S.K.: 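Handing you this structure, nothing more for now.
Computed from a prediction, not measured in an experiment: that's the story for all the values here. Per chain, numbering begins at 1; letters A, B, ... match sequence-line order.
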There are 2 protein chains.
Amino acid sequence: MDMTAKPAGADCRAVSEILSRVGDKWTIQVVVALRSGSQRFNGIKRRVGGISQQMLTRTLKTLERDGMVERTVRHTTPPQVDYMLTPLGHSLSETARHLADWAAAHQGVIAGNRLQYDARQL
Amino acid sequence: MDMTAKPAGADCRAVSEILSRVGDKWTIQVVVALRSGSQRFNGIKRRVGGISQQMLTRTLKTLERDGMVERTVRHTTPPQVDYMLTPLGHSLSETARHLADWAAAHQGVIAGNRLQYDARQL
DNA sequence: CAGGATCCGATCGGATACTG
DNA sequence: CAGTATCCGATCGGATCCTG
């Protein structure tokens with residue numbers, strides 16, 4: 001197949017779906033927190049900072065469902081659960097880096113645009 | 001690999017913010033619809049397909065606020081409003097292409113992972 | 001320690017009706 | 001044609017309490 005052709009619009013829906021999966025408030029931050037290796041629940045919670053336990057649970061569960069992270073339970077006392085990125089999760093984190101670069105490069109301009117726009121609305 | 005200038009976590013919040021801006025259901029699709037040039041309101045609505053007038057209005061307004069699209073009003077009868085991408089909007093659409101490639105390449109695997117996961121949960 | 005359950009407000013997103 | 005206004009359900013996200 002020739003992938004150099006323009007995505008017609010079928011791809012567009014796929015991108016959109018992936019984006020709304022990944023574009024929530026926490027997913028990327030959790031993935032980034034896991035880049036350096038296996039982490040435990042409260043370890044991730046500390047790393048991300050500001051995330052509630054509820055949202056971390058949901059986010060990890062969805063990432064596990066999508067095959068981005070792998071969950072390993074150790075039945076010790078106290079119980080211990082490790083989360084680590086799968087190869088798929090790593091490849092996502094690589095792609096996220098490009099977006100990170102773009103965001104870092106343009107966030108200042110965007111913030112300025114918003115100020116200008118809001119000022120004009122008065 | 002070149003790991004210099006590692007974004008510690010300050011950038012991470014910026015990315016997260018950009019992502020939740022761009023990661024909603026419609027923003028990217030609207031941007032993509034505008035790539036081929038200036039479009040009018042109902043033209044975009046037709047191109048995107050499935051979007052409500054409400055959400056298109058909101059999405060365009062936010063994109064305008066962020067400086068991604070430019071809005072031009074022509075006071076004719078009937079009134080005519082053109083939307084076109086700014087250079088900033090174009091640069092976003094380029095970045096979105098990388099994500100599009102990733103999504104297209106992995107959506108099948110992800111869908112399969114979900115099926116497996118859901119099957120195990122029964 | 002790792003969550004599940006529940007309550008709550010805020011935002012997302014669709015549908016419909018109305019306006020200049 | 002290009003919106004605005006309003007109502008509505010679904011989901012997001014935080015806080016708190018409870019459990020193995």
S.K.: D:dG13, C:dA2, D:dA2: which one has an atom nearest the side-chain heavy atoms of A:Arg71?
M.R.: C:dA2
S.K.: Can you measure A:Leu56 atom CG to D:dG14 atom P for me and round it to whole angstrom units?
M.R.: 11 Å
S.K.: Does A:Lys61 put a side-chain nitrogen or oxygen below 4.0 Å from OP1 or OP2 of C:dG4?
M.R.: yes
S.K.: Does a side-chain N or O of A:Arg40 approach OP1 or OP2 of C:dC1 to a distance below 4.0 Å, or not?
M.R.: no
S.K.: Which of these nucleotides, C:dG4, D:dC1, D:dG3, is closest to any side-chain atom of A:Gln53?
M.R.: C:dG4
S.K.: Please report, rounded to the nearest Å, how far the C1' atom of D:dA10 is from the CZ atom of A:Arg58.
M.R.: 12 Å
S.K.: Please determine whether a side-chain nitrogen of the Lys or Arg among A:Glu17 and B:Arg114 lies less than 4.0 Å from a carboxylate oxygen of the Asp or Glu.
M.R.: yes
S.K.: Which comes earlier along DNA chain D counting from the 5' end, the contact point of B:Arg46 or that of B:Thr57, where each point is its nearest nucleotide?
M.R.: B:Arg46
S.K.: Among side-chain atoms of B:Glu70 and B:Thr86, is any donor-acceptor pair under 3.5 angstrom?
M.R.: no
S.K.: A:Lys25 has an atom NZ; how far is it from atom P of C:dG9, in whole Å?
M.R.: 18 Å
S.K.: Classify the side chain of A:Gln54 and the base of C:dT6 as holding, or not holding, a donor-acceptor pair under 3.5 Å.
M.R.: yes
S.K.: Report the distance from atom CD of A:Gln80 to atom P of C:dG3, rounded to the nearest whole Å.
M.R.: 11 Å
S.K.: Can you figure out which of C:dG14, D:dG13, D:dC17 approaches the side chain of B:Ser52 most closely?
M.R.: C:dG14
S.K.: Please report, rounded to the nearest Å, how far the P atom of D:dT11 is from the CZ atom of A:Arg21.
M.R.: 15 Å
S.K.: Starting from P on D:dG3, measure out to CD on B:Gln39 and report it in whole angstrom.
M.R.: 14 Å
S.K.: Quick one: is B:Tyr83 getting a side-chain N or O under 4.0 Å of the D:dC1 phosphate, OP1 or OP2?
M.R.: no
S.K.: Of the nucleotides D:dA5, D:dC1, C:dC12, which one has an atom closest to the side chain of B:Asn42?
M.R.: D:dC1
S.K.: When rounded to the nearest 0.5 angstrom, what is the spacing between OG in A:Ser93 and CE in A:Met68?
M.R.: 10.0 Å
S.K.: Would you say D:dA2 has OP1 or OP2 under 4.0 Å from some side-chain N or O of B:Lys45?
M.R.: no
S.K.: Please report the distance, rounded to the nearest Å, between CG in A:Asp82 and P in C:dC1.
M.R.: 14 Å
S.K.: Determine, for A:Glu94 against A:Arg97, whether the closest basic-nitrogen to carboxylate-oxygen distance falls under 4.0 angstrom.
M.R.: yes
S.K.: Of the candidate nucleotides C:dG3, C:dG14, D:dG13, which contains the atom at the shortest distance from the side chain of B:Met55?
M.R.: C:dG14
S.K.: Rounded to whole Å, how long is the line connecting atom NE2 of A:His75 with atom P of C:dC1?
M.R.: 18 Å
S.K.: Determine, for A:Asp82 against A:Arg71, whether the closest basic-nitrogen to carboxylate-oxygen distance falls under 4.0 angstrom.
M.R.: no
